[in-house]
Amino acid sequence: MALSPFGRFSAFPEAKGLYNPAEEKDSCGFAMVATTRGYAGHDIIDTALSSLRNLEHRGAVGSDAGTGDGAGILIQIPDRFFREVVGFELPAAGNYAAGLAFLPLDDAQRAAEKSAIEAIALSEGLTPLGWRAVPTDPEHLGTLAREVMPAFEQFFVSDARGAASGIELDRLTFRLRKRAERELGTYFPSLSSRTIVYKGMVTTLQLEPFYPDLSDDRLESTLALVHSRFSTNTFPSWPLAHPFRYVAHNGEINTVRANRNWMRARQSQLESPLLGDLTPLFPIVADAGSDSASFDEVVELLELSGRSLPHAVMMMIPEAWENDSAMDSARRDFYRYHSMLMEPWDGPAALAFSDGSIAGATLDRNGLRPGRFLVTDDGLVVLASEIGVYDVAPERVVRKGRLQPGRMFIVDTVQGRIIEDDEIKSQISTLEPWGQWVDDNEIHLEELPEREHIIHTEASIARRQRTFGYTHEEVRMIIAPMAQTGAEPLGAMGSDTPIAVLSERPRLLFDYFAQQFAQVTNPPLDSIREEIVTSMEVGLGPERNLLTATPEHARQVVIDFPVIDNDELAKIRHLTADGRASTQTIRGLYRVDDGVDALEKRLTAMCNEVDVALSMGVHFIVLSDRDSNNDLAPIPSLLMTSAVHHHLIRAGRRMQTALIVEAGDVREVHHVATLIGFGASAVNPYLAMETAENLVRRGRLEGVTPEKAVKNIIKALGKGVLKTMSKMGISTVASYAGAQAFEAVGLSREFVDTYFSGTTSLLGGITIEKIAEENRLRHAVAYGDEQAANPHEVLTTGGEYQWRREGPPHLFNPETVFKLQHATRTKRYDIFRDYTRAVDEQAERLMTLRGLFGFSSDRAPISIDEVESIESIIARFSTGAMSLGAISPEMHETLAVAMNRIGGRSNTGEGGESVERLLDPERRSAIKQVASGRFGVTSMYLTHADDIQIKMAQGAKPGEGGQLPSKKVYPWIARTRMGTPGVGLISPPPHHDIYSIEDLKQLIFDLKRSNPAARIHVKLVSESGVGTVAAGVAKSKADVILISGHDGGTGASPLSSLKHAGTPWELGLAEAQQTLMLNDMRGRIVLQVDGQMKTGRDVVIAALLGAEEYGFATAPMVVSGCILMRVCHLDTCPVGVATQNPVLRERYTGKPEFVETFFEFIAEEVREILASLGFRTLEEAIGQRQILDVDRAVNHWKTEGLDLSAILEGNDFPAEAPRFNVSEQDHELDEHSDHRVFAVLGDALVTGQPMTIDLPIRNTDRAIGTWLGHELTKLHGEAGLPDGTIRLELSGSAGQSLGAFVPRGISIRLTGDANDYVGKGLSGGRVAVRPAHGVSYETNRNIIAGNVVGYGATSGDLFLAGMVGERALVRNSGARAVIEGAGDHALEYMTGGVAVILGATGRNVGAGMSGGTAYVLDLDHNMVNQSALSTGELMLEQLDAAERELLTELLTAHVEETGSRFVQSLLDDSAETFARITKLLPRDFAAVTAIRQRAEVEGIDPDGDIVWQQIMEVTGG
Amino acid sequence: MANPEGFMRTTQREVPARRSVALRLKDWKEVYEEREAGQVERQAGRCMDCGVPFCHQGCPLGNLIPEWNDLVHRDDWKAAIERLHTTNNFPEFTGRLCPAPCESACVLGINQPAVTIKQSELAIIDQAWERGYIRAHTPDRLTGKTVAVVGSGPAGLAAAQQLTRIGHTVAVFERDETAGGLLRFGIPDFKMEKRHIDRRLAQMEEEGTRFRTGVTVGVDISWDDLRSRYDAVIVATGAPVGRDLQIPGRELSGIHFAMDYLVRSNRAVSGNTPADLIDAAGKHVIILGGGDTGADCIGTALRQGAASVTTLAIGKQPPHERSANQPWPMDPTLFEVQSAHEEGGVRQYLASTVEFVGDAAGNVTGVKVAETEYFEGGRRPIPGSETEIPADLVFLALGFTGVEQDTVVPQLGLDITTRGVVGRSKHFETNVPGVFVAGDAGRGASLIVWAIAEGRAAAARADQYLSGRTELPAPVLATDTPIHF
């Protein structure tokens, strides 16, 4: 087994309990400095280091204040310096390589390792020249960093033959370095003749003092990359600091697991004459590296084997070319060809790279990280995560720009010029006739001969449905709707049935896998509105040597969609090459009577058959479970697929074939997703399609033909897979394939390691024997003796989604609902105890993980009188985040009133809060939620919050957004959400200001300044790795972390998300507690938990596992009359709980008193349990997991392998280690720049006396004006002060979130430029940004502000004299903005306000825009969201007279605020300008606005029924 | 569910009309008119397809109500009968006779009239018979095991059909001349015509169930013989013993148990008039007890041409709406207007009968009735409030006290509980191995729907006993009760 260098000089704890170091994530800020002036200098290094210091806020420090998460620098080999400091002779520059090595501190060990390295060098034809001990100054290092610090020595080598220099020499040192890593575990940050890296576990401020070399004037370079790391943990790791050998990366590779798997699979095929025999260097991708480290290793391989560095980067991070019809065809061909060589490394990425002569940077395909640059008149280029990291006199700046999605920006220091994206890519795109190669070789299914369609009989379908365990419910609720509509069906209210391993009945293997999803460290993707960056295209067939490029590489079958119908499969099955069959079908059937042995033997035999087929030259393997019969049962398709996939990877033959799966058990999105995730390239769910056809033939589906029904099934499954991928932020199915973005819940580790290698299975669980047994049971139903048992029941009933008596148990069933309602309405504690007993007993009957626990306290029981009061327990209770919109105003207020009366907290949910409720102490919600839609998130809303909760994910559908359909946007909903009645509203899957952990840190920073007294919550959903995320969130300075269970309720969610995403809170909570304690951060955070909390026992178990606050949602709704209809998404709730329909709302019977009683009863029960366990307070119980035992449970046929010890044991901590919140986060509030305003403000804020304040600022000054806005709002409420009362005149580069949430009365004018999120949440204030005085460039060609400006703005004005980055004015609902150019996805989800874009836009303008009006100069129609245009949702129109007036006013104001010469010139020729402007207007918004205006003219209530009916007619709601 | 807003579009409950009283008193046929076209389909569209269908819980059989409501709404009768038959062997009986606790539990019933579930059920089964969807389901192979089912009421028939279909050889013993038990002889034709039973019995016979009618177990064949001839026995003999009222004058002639009256009348209606028929023609009839049996007596007496019919109930008149102590989804006690109540007669509440009055010939001539007074812990007649009501016939419809104990118990040695029924485990096992008890004999007098559910569940347990495992569904445990707090 090869060694990995990444474990050394690191202090990662072992995987223990629920903590797994493999889950660690990181992110960061970076900068690239280069010059075109032609000579090296120390000034470049100085510039880079000072830029790095100004990125400090993007990094992090952990619990140990001195220990940063890592920082470093990459520069050219400083030949002059080395010659002067090494004590030995060096060959000519370029003819020697040098690199820092991290070596053992122990002298003897170090000497031994060094001589071993020298020995390898010699054997690789290199001559060791000598070592140089590198001076370091560890004085300021943190303790943790110092404890694992290595010794630092530089190693110098040259080619023994003296011939090789530059890259040729690097090919040799590559071999040396890889072998040293594999054989000795040595870590070299770099070893090259071209570049050298200095890095370590230092903060950005410590880097230079730590390595005195860096201050040495003799150290010179023409380029430098610097990086500041933010890790989710507090464990130091010297090797994982950036830069790596070629790259510094900000972001996260979501698909890294797939990429690593595929790289490993490719290894055996790798051959390069340039690199020699690669076998001793394997694995190319070392274990235990970070995603960035793995990326770097592959980039290195590609570069050294002959591709240029930009070429390699283009292969690995391709642009979103698939749907870009405007792209140059040669470039498309390049991408098309290379897509057959390698899947994208997908995920948010700002990447800087250098090979020593060029320094370049690129962004991921969707532009999810920021990158800003400036160019000076003397050829200096500074590119960084932020603008303003380096001070340059304005008059020296000739250009300010930004990295764009998928685009490259290169400084060639040798040629002394900047090379733009087009130039570099067109050069690479024409290196070979890529297009020709593809056209000549690619196979398209539609070009193959049609096959006759086969129709199966009803009896055969029924028999096979039974074989695969179909239920009546699945046919009725999943297949029929998919066949009818082409979309996955929705459900509501979460899941309260047992997870697969706790289920009595046989479950499909798919059910044991939970989907993973992005939260915090990377963003989910909006696959609908940002479809433009996605691709479902798959290339089937063998892949060849990655290190060469030939026409044969393109010989693949290309399919548009990973789900194929029977006829397409038939075509693939009949493919031939040179007269021989190219495809072989391998049967996944075994003799069911022979049990698990037969199953295992058959799996082995299948692998062998595949091997034989491949050696016979077969290119396509179909794994099939068709043709089962009385004796032969089908192997679960997921098992056979993953078994063969992993077998082929291990055998090094995986790239020789594509696996196509013909599977009868597949009928849900989740099933297809798991198959693709574990290696299938295409899935043929034949039985689901035959079932759909049969439904049509039987007349069960109307208005569709059998053919259409099949198409619909394919579409629904395929689109659902896209949505599933999107939850992980993965945009192409090629990268999702094999990504294993799942964790196993309830499968034994041995089974997982054998067949699903690399998948997490925290709890262990069933073995393959039980899988065989489940299979046998299903088979017996289809072929058993007892068919006459119920001649009327073809399929079993089901009951997963709706309760059925014979189905799986639900925690909420008729009995528990009835008893809970009755008990709380009649104040009968005895009946309440009946209810909790029923719930707890069910839980014990293996419905939930917590049901498996027992209490075994070592304390003596105490009298209940000694236990803390009901009131103090209730103070820890809150109700769930349910928006007004999801639930009725009556229900919403019931919860608020009840919680306010008893001292708990209710939650607004994502829908804002009306001002009258906001200010009403009885009806307000103490917790204000901030979700991705930012509905109603104003300064007022935030100012009046006790707690501000950032919803990163939601239990029922983590990684997904939501949509409030037009018919639910009643006038009162529209008002609090600042939308338009009758016009639908979208909550995007990601927060568009959180694509990364340091972004979350920024949002917490902003919100804390929007209300310094409020606690900031971050809501996460339980999944493996959530502990790591929680640690990162704690480092980001959240005050509260909420861990939600996977089973939580929701108003609407795709059924597969409801059932298959996330894990129970017991796991996530325990992992969070363990990881936070491991990181020594538990004490500064409050842990909250929610998800199907129903009884006092649930609360106590949550406390013992580490939670100190508890959320309830479904139960108090049931108390208020909810009867679990599960139709919240249909607006037909018959009891008025989850509906806006006025008729139904009248039926609401809930009262605050009932809810109060509920919480009092829960608290009383908690007291009883605490007394019995000997605890006087909940606090005493928090984190005392040793009280829990699992002795009495775990006794049914599937649970024997479950190992709950990970939850209960894990690492040991000292008794005095904080187990709950004991201290506050250090928010550094005193340091906020607004204090400089307060210092001079006097009583102007109180009196409203106009005042102007001048302030120089820089990029580390973030959220300027936000706190000021908060103080203003506190004093003056919603109306604020007259426009411009307080004027801030700023100069410099503003940090992120300039003017976030500022209310009316505050005007900010910045002279300089700004970073991301300018005017975020603007609440009536005014923000203007203009270039620094003295700049000569044209404003409309240069970047003035970063990404996501005006996100969620609700009112106010924004004037930006220049271009801005991606996603300008996303979710604007009321502000007016003038900008002089925008990046991709501008105006996305906009619902109101006015946007004026006086320049170029990026792609996908107006996606999901449902309201407001935009005016764009010289609009390129191709850039508008094509689906909105083609459906007519977005109309393009000319201006009318009123609009000309409005525009004149806005442009004039813009000129006044910014002095924009460009806009002045537009005004000067306004007639022509207006002719060049196109108006973008959402159709429904226009129609509704017209109706409402007409109503007002006619004196009809625009919010009344008549108008509502008219609105519904035009919007089709 | 075709339209989730169905319940908002169709807000009113509609049920088939009953024929006019004048007309229906002239015959013994069922009282309902033909179904109005489209009505039941429209009504079924009001079903909300609940996430937690309380109706499905409220039905002892676990009928898959939302599923077949949907199918009725879609006009898919073939699929509907399959889903209905999945849980219910005899929807034609329950569709006519069940008081529909499902409708009491219907979620729509919280704030709107409940879905007409019973009508859906009846329509489905009627359509199924009409369209020829009902056929025999014979087992593929027989197990060689034999089972005796004693009693051919709904519990016995359900058990017999389940066990026959799974492959056991089943003989049903019935002491009457025709199978059907209470269904045939206890229920008047105006509630359910007997052709429905005959049709179902024919199906069962075709499936292989054997009927041994006119055989009284314990008399014609000893229990021991029975036990040794069969591998298992299911006792489904009902709880036919009526509750008596031992007050002065009870010995007078003209005072009968209601069931005796109804059985004889039903025989007569079936064309087999017994010599001891009790004919109410021209007589003043008093019925003690305001329940279903009492109502059956009213309809019967009126059809026979009684001069007057008076029902005396000792308790209060039940409310028209749910009371607070019987909240949804409990099956509440409500003031009912059954078809017989529409047809005539007087219903008197708070009437404590204190004495039967007779003439010298020993015939009853009237009853003395006092007003009932409630007090803490009970009720009693108010002394001095007595009035006398003239009567030629008095029928005691005061409920049932349990199984007949003269034959069953001693011979087989079954335990009898204090409630007068056969003791059993929650899985319907008696204290004698291989002997199971189902229906009223174990539960005490209850609803037909409980009887069928018990028959099915007992069959599953018997199959388990015979085969060591079972695939038969068991919708209830013997200990299950309707939802309560």
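Chain naming here is simple, since letters A, B, ... match the order of the sequence lines and numbering starts at 1 in each. A quick note: this is a predicted structure, and the numbers were derived from the prediction, not measured.
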Engaged part of A:Arg828 at the chain B interface, taking heavy atoms whose separation is under 4.5 Å | side chain
Kindly check if the number of other-residue, nucleotide or ligand heavy atoms within 6.0 Å of CZ (B:Arg210) is above 12?
-> no
Top residue by heavy-atom pair count (under 4.5 Å) with chain A, among B:Pro473, B:Ala105, B:Cys50?
-> B:Cys50
Tell me, for A:Gln821 versus chain B, whether the close heavy atoms (under 4.5 Å) come from the side chain, the backbone, both or neither.
-> side chain
For the student: nearest non-hydrogen atoms of B:Val107 and A:Pro1134, plus distance | CG1-CG, 4.4 Å
Report yes if some heavy atom in the side chain of B:His137 is under 4.5 Å from a heavy atom in the side chain of A:Asn790; otherwise report no.
-> no
For the residue pair B:His85 and A:His792, categorise the inter-ring angle as parallel (less than 30°), tilted (30 to 60°) or perpendicular (more than 60°).
-> tilted
Under the 3.5 angstrom rule, does the side chain of A:Gln802 hit a backbone N or O of B:Asp49 as a donor-acceptor pair?
-> yes
Close side-chain approach of A:Leu1144 to B:Met8, heavy-atom, < 4.5 Å = yes
Chain B heavy atoms under 4.5 Å from A:Asp834: which part of the residue, side chain, backbone, both or neither?
-> neither
Given side chains that start at C-beta, do those of B:Asn111 and A:Tyr1148 come closer than 4.5 Å, heavy atoms only?
-> no
Any B:His484 side-chain heavy atom under 4.5 Å of A:Glu815 side chain | no
When you check the gap from the basic side-chain N to the acidic O, do B:Arg165 and A:Glu793 get nearer than 4.0 Å?
-> no
Report yes if the side chains of B:Trp328 and A:Ile1123 come closer than 4.5 Å at any heavy-atom pair, otherwise no.
-> yes
Going from CZ on A:Arg476 to CZ on B:Arg83, what distance comes out if it is rounded to the nearest 0.5 angstrom?
-> 8.0 Å
Side chain, backbone, both or neither: which part of A:Val1135 has a heavy atom under 4.5 Å from chain B?
-> both
Region of A:Thr797 that comes under 4.5 Å of a non-hydrogen atom in chain B = both
Between A:Arg698, A:Glu473, A:Arg700, the one whose heavy-atom pairs under 4.5 Å with chain B are most numerous = A:Arg700
Most contact-rich option vs chain B, by heavy-atom pairs under 4.5 angstrom, among A:Asn813, A:Thr1149, A:Thr1132, A:Asp830, is A:Thr1132
Engaged part of B:Leu84 at the chain A interface, taking heavy atoms whose separation is under 4.5 Å | neither
Region of A:Phe812 that comes under 4.5 Å of a non-hydrogen atom in chain B = backbone
Which region of A:Asn1141, side chain (C-beta onward) or backbone (N, CA, C, O), has a non-hydrogen atom less than 4.5 Å from a non-hydrogen atom of chain B, or is it both or neither?
-> side chain
Is it the backbone or the side chain of A:His472 that comes under 4.5 Å from a heavy atom of chain B, or both, or neither?
-> side chain
What part of B:Leu61 is in contact with chain A, defined as an atom under 4.5 angstrom from a non-hydrogen atom: side chain, backbone, both or neither?
-> backbone
Does a side-chain N-to-carboxylate-O contact under 4.0 Å join A:Glu702 and B:Arg74?
-> no
By a 4.5 Å heavy-atom criterion (distance strictly below it), what part of B:Cys55 contacts chain A: side chain, backbone, both, or neither?
-> neither
Should we count CG of B:Asn325 as having more than 12 external heavy atoms under 6.0 Å?
-> yes
Below 4.5 Å, heavy atoms only, C-beta onward: do A:Val817 and B:Phe54 meet side chain to side chain?
-> yes
Between B:Pro4 and A:Val1127, is any pair of side-chain heavy atoms under 4.5 Å apart?
-> no
Identify which part of A:Leu1124 has an atom lying under 4.5 Å from any heavy atom of chain B, answering side chain, backbone, both or neither.
-> both
Can you find a pair of side-chain heavy atoms, one from A:Arg1147 and one from B:Gln112, that are under 4.5 Å apart?
-> yes
Please state whether the rings of B:His56 and A:Trp803 are parallel, tilted or perpendicular, taking 30° and 60° as the class boundaries.
-> perpendicular
Identify which of A:Lys819, A:His822, A:Glu806 forms the greatest number of heavy-atom pairs closer than 4.5 Å to chain B.
-> A:His822
With a 4.5 angstrom heavy-atom cut-off, which part of B:Val52 approaches chain A: side chain, backbone, both or neither?
-> both
Donor-acceptor under 3.5 Å (A:Arg805 side chain, B:Pro60 main chain) | yes
